[in-house]
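Treat the numbers as computed from the prediction; the structure is a model and nothing was measured.
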Amino acid sequence: MGSDPFALAIAAAGLQQGWQVTLIRPNGPSVPPPLAVAYSTAAPDVALSKLAPDPWTAVAVASHDSELDHKALYAALTSSAGYVGVLGSRRRLEERRERLLSAGLAPGLFARLRAPIGLPIAARSPREIAVAVIAEILDHRPSSVACFEPIRAVAASVWEPAPACD
């Protein structure tokens, strides 16, 4: 979820993996970006509920807007999404935690949050951060994957279960 270069890079990287990507850009332009993604301008909680995240769903939040981040994180963390991550500094993490817990989020659900998003590879640019995010999502996919074919992504990443392996 997001509309800046980081969110777009994450969405593009998800597409390069062969995933089905849904980019959520609340209050964004009516015209989608020039990427082959599903596109929503709905509020994050509304858009995520319509997507019905499951354990194969990964949600990457990269909006740089604390109100939108809060709505997206609450919706994603209370869903069955297998991965939830947010772009941002470690300094803001405690503030996010307090706000989510005050809104009724169970502490165990907050523990699912990956923040800051992505593997720690010293990434700085949008494309570098997208690589770190995709790698972290791959690292956190359900362990039952012996063979896989990731094909779905939300605001950067979602999978559907792969067909059975022979």
Side-chain angles (χ1 to χ4, degrees), residues 1-11 13-14 17 19-28 37-121 123 126 129-145 150-161:
M1 184 205 67
S3 60
D4 72 353
F6 293 95
L8 295 174
I10 294 167
Q17 295 302 308
W19 301 341
Q20 178 186 347
V21 176
T22 300
L23 182 61
I24 301 169
R25 297 172 86 182
N27 308 314
V37 298
Y39 181 66
S40 174
T41 58
D45 49 338
V46 172
L48 285 170
S49 71
K50 286 182 182 178
L51 289 170
D54 62 25
W56 289 94
T57 303
V59 179
V61 178
S63 77
H64 302 287
D65 178 310
S66 62
E67 188 60 34
L68 291 176
D69 285 358
H70 175 76
K71 288 180 181 180
L73 291 173
Y74 191 89
L77 290 168
T78 57
S79 77
S80 296
Y83 173 91
V84 180
V86 64
L87 185 67
S89 70
R90 285 182 178 83
R91 294 182 314 230
R92 295 193 54 218
L93 190 55
E94 182 59 25
E95 173 190 328
R96 288 182 199 276
R97 187 181 79 76
E98 289 300 323
R99 186 166 180 207
L100 287 163
L101 295 177
S102 294
L105 185 74
L109 293 178
F110 183 81
R112 298 177 49 215
L113 180 64
R114 305 298 301 174
I117 198 169
L119 293 180
I121 60 170
I129 288 181
V131 168
V133 170
I134 297 303
E136 185 173 60
I137 291 168
L138 289 170
D139 190 48
H140 285 83
R141 69 179 158 220
S143 61
S144 63
V145 179
I151 55 173
R152 223 177 62 144
V154 172
S157 310
V158 181
W159 309 281
E160 287 183 350

Rounded distance [0.5 Å steps], CD in Glu98 versus CD in Glu95: 10.0 Å
CG on Leu87 to CZ on Arg114, rounded to 0.5 Å: 14.5 Å
Heavy-atom check, side chain of Met1 versus side chain of Val59, under 4.5 Å: no
Ile24 side chain reached by Leu51 side chain, heavy atoms, under 4.5 Å: yes
Tyr39 and Arg25, any side-chain heavy atoms less than 4.5 Å apart: yes
Spatial distance of atom CG (Leu105) from atom CG (Leu73) [nearest 0.5 Å]: 9.0 Å
Min side-chain heavy-atom separation Ser80-Pro55 under 4.5 Å: yes
Asp54 and Thr57 side chains, donor-acceptor separation under 3.5 Å: yes
Test item: Ser102 side-chain N/O and Arg99 main-chain N/O as donor-acceptor pair under 3.5 Å: no
Spatial distance of atom NE2 (His70) from atom OG (Ser63) [nearest 0.5 Å]: 12.0 Å
Nearest-0.5 Å distance, CG of residue Leu77 to CG of residue Leu48: 10.5 Å
Atom pair CG/CZ of Leu93 and Arg90 - distance to nearest 0.5 Å: 9.0 Å
Sub-4.5 Å side-chain heavy-atom contact between Leu23 and Leu8: yes
Shortest non-hydrogen contact between Ile129 and Ala123, atoms and distance: N-CB, 3.6 Å
Ile137 side chain near Trp19 side chain, heavy-atom distance below 4.5 Å: yes
Residue pair Tyr74 / Leu109, side-chain heavy-atom distance below 4.5 Å: no
Asp139 atom CG: more than 12 heavy-atom contacts under 6.0 Å: yes
Side-chain heavy-atom pair Pro26, Lys71 within 4.5 angstrom cut-off: no
